[in-house]
Enquirer: 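Attaching a single structure in structure tokens format; questions to follow.
Values below: all heavy atoms of this structure, side chains included; hydrogens, waters and symmetry mates excluded. So that the names make sense, note that chain A is the first sequence line, chain B the second, and so on, each numbered from 1.
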Protein chains: 2
Amino acid sequence: MSIRVAIVEDDKRISAALARLVHEAGGFRCAGTYASAETALWGIPKEPPDAVLMDINLPGMSGVDCVQRLKEILPKLEIVMLTVYEDGDQIFSALQAGASGYLLKRTPPNEILKALDDVMQGGAPMSSYIARKVVQSFQKEGPSPKESENLSKREREVLAYVAQGYLNKEIADTLAVSVETIRSQLKSIYDKLHVRSRTAAAFKYFQK
Amino acid sequence: MSIRVAIVEDDKRISAALARLVHEAGGFRCAGTYASAETALWGIPKEPPDAVLMDINLPGMSGVDCVQRLKEILPKLEIVMLTVYEDGDQIFSALQAGASGYLLKRTPPNEILKALDDVMQGGAPMSSYIARKVVQSFQKEGPSPKESENLSKREREVLAYVAQGYLNKEIADTLAVSVETIRSQLKSIYDKLHVRSRTAAAFKYFQK
DNA sequence: CCTTCGCTCCCCCGAACGGGGGATTGCTTG
DNA sequence: CAAGCAATCCCCCGTTCGGGGGAGCGAAGG
């Protein structure tokens, strides 16, 4: 008995590629493709599949909200999120909403099939980067309850310049150190704040 | 009679390069090099040169403050700022402090010499980018007294996503448009806010 | 009717950024 | 004293940005 997989993805090319992937693989059947959360909510309950590949990034209702609703209606439905985002908050809200897996879109096709198998067997397939984030989140809430805000004096200084729009080179000049130093310190800042860009770091730290 | 030029620049390599440039050019004499605003304020008044090439980016006291003090003591001194910054505010505070010229550090050597000649003849040498900024500032205070805050609805929307650290690609996805559209809109935003990076734009608009 | 402006999309290209390593020097702290 | 940690610096490499063009379209206003 093959696994019925529904696809919720607004990008037609990606959606078609996923449908083909599922269709041509042994042991899977494509049980519908939807280009929005709304249509998915309308169509999926009518013919419940076993699993859903869900884009997190949909026009209108978000994938996360869609997961929430679907799980209310079909608690046994296994949902694997597909996304380009690597932001911690999105990962957690998706998982809290009821998703069981979380893959980055750049995940190779065969890995996606493996993830579908995995999720049907009670697993929680995640890209390695995502997995690390999840682990980190538990490390956070356990031993060190505050951790994220303890930037060092120097790091705060650097971030302050970043917030004003300075280039790494310019910060390096004014602080009389090498650009590489600024770069490493930024890496450390991104780590601590769980972001991946200067702009996000600046706003997260100086509470927009 | 050659033009005596003092150099205030903390980067030894640049300072040396400028000194050599002035020294080897006909009609100029290097009248001292200083690595900080403080030493310049101490040394320059003792043997006043005709002109000063001043880095805006100095450890300790800023080049702008240094200009202010120097002009108080030596009103006839001609000062040309050298900087990597292209930020409007810095340009204006330097000019208000008494600088007569404002060049970007990437200005070719012969242009720098031309600028020194120019400034001694009562000119106001500026890199073309700087000149445009200055012109724009007058255009600002004239016809359109509000100028900077009129971002369109769409532009504000884009900037909001930028502030959260999203990539152009991600913003394009959520707004269901092309990355190129986001890029053009960002260009337009940078223009209106007089900045040159997403981080600076976000902070300037959402008043840090 | 024609111009302006917002919004959309495209190309080229060089600079800046961010992730992945790794390394050294001091200071603190168990 | 060894371990940790902040701070400094280095390389490689792929991605993202930002500036410079240009272009089409529809709505609003002269």
Enquirer: Given the structure, check if the side chain of A:R183 and the base of C:dG18 hold any donor-acceptor pair shorter than 3.5 Å.
Expert: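 Flag set: donor-acceptor pair detected.
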Enquirer: Regarding B:K169, tell me which of base, sugar-phosphate or nothing describes its non-hydrogen contacts under 4.0 Å with the strands shown.
Expert: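 Here B:K169 touches no strand at all.
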Enquirer: Check if the side chain of B:S152 and the base of C:dC7 share a donor-acceptor pair of N or O atoms closer than 3.5 Å.
Expert: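 No.
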Enquirer: Confirm from the modelled atom types if A:S197 and C:dC17 form a donor-acceptor pair under 3.5 Å, side chain to base only.
Expert: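 Looking at the base of C:dC17, it does not pair with any donor or acceptor on the side chain of A:S197 (distance under 3.5 Å).
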Enquirer: Rounded to the nearest Å, what distance is computed from the CG atom of residue A:L186 to the P atom of nucleotide C:dG20?
Expert: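 To the nearest whole Å, that distance equals 15 Å.
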Enquirer: Counting only side-chain nitrogens and oxygens, does B:N168 get under 4.0 Å of the OP1 or OP2 atom of D:dT16?
Expert: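 Negative; the distance criterion is not met.
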Enquirer: Please check the phosphate of C:dG6 (OP1 and OP2 only) for any side-chain N or O of B:S188 closer than 4.0 Å.
Expert: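 No, no such contact exists.
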Enquirer: Can you tell me if B:R154 has over 12 outside heavy atoms packed within less than 6.0 Å of its CZ?
Expert: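 For B:R154, atom CZ is crowded (more than 12 foreign heavy atoms under 6.0 Å).
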Enquirer: How many Å lie between CD on A:E180 and P on D:dA6, as a whole number?
Expert: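 Whole-Å distance recorded here is 19 Å.
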Enquirer: Would one find a side-chain N or O of A:Q185 under 4.0 angstrom from OP1 or OP2 of D:dT8?
Expert: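 The answer is yes; a side-chain N or O of A:Q185 sits under 4.0 Å from OP1 or OP2.
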Enquirer: Can you find a donor-acceptor pair, distance only, under 3.5 Å between B:K153 side chain and C:dG6 base?
Expert: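 Check fails, no donor-acceptor contact within cut-off.
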Enquirer: Between B:T181 and C:dC9, is there a contact of a side-chain N or O with OP1 or OP2 at under 4.0 Å?
Expert: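 Checking B:T181 against C:dC9: at least one side-chain N or O falls below 4.0 Å of OP1 or OP2.
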